[in-house]
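Here the structure is a predicted model, which means the values were calculated and not measured.
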Amino acid sequence: MEPRKKNKPSTLVVILFSLIVLMVIIYFILVTFFPGVFSSLNTGDLQPVQDK
C-alpha cells in the first residue's frame, strides 16, 4: 500500500501569503509607534459637490 501524497501549495504561494501577512503586521507596528508618518496620508474623505 503506497503512502498518499499530500496536496501541498506551491512554494511561491506560501511565500507570497507570508509576505502579505508580514506587511500587515509591520504596518500595524509602524502605525502604533510612528503615527506621525501616516497622519499626512489622504484618507479619502468625501467632499461636497458644488454646482456650477
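Under the 4.5 Å side-chain heavy-atom criterion for ILVMFWY residues, a single connected hydrophobic cluster contains both Ile25 and Val37. When the side chains of ILVMFWY residues are joined at heavy-atom separations under 4.5 Å, either directly or via intervening members, Leu22 and Phe17 end up in a single hydrophobic cluster. Linking ILVMFWY side-chain heavy atoms closer than 4.5 Å, directly or via other members, places Phe33 and Val24 in a single hydrophobic cluster. In the hydrophobic cluster analysis, where Ile, Leu, Val, Met, Phe, Trp and Tyr join through side-chain heavy atoms closer than 4.5 angstrom, Val13 is grouped apart from Leu19. Two different hydrophobic clusters hold Ile15 and Val21 under the rule that ILVMFWY side chains link at heavy-atom gaps under 4.5 Å.
Under the ring-ring contact (aromatic ring centres under 6.0 Å, His included) criterion, Tyr27 pairs with Phe38, not counting sequence neighbours.
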Less than 3.5 Å apart, which donor and acceptor atoms pair up between the side chains of residues 3-12 and the rest of the protein, not counting sequence neighbours?
unit_1: Ser10; atom_1: OG; unit_2: Leu12; atom_2: N; d: 3.3

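Under a 4.5 Å side-chain heavy-atom cut-off, the cluster of Ile, Leu, Val, Met, Phe, Trp and Tyr residues that includes Val49 has no other member.
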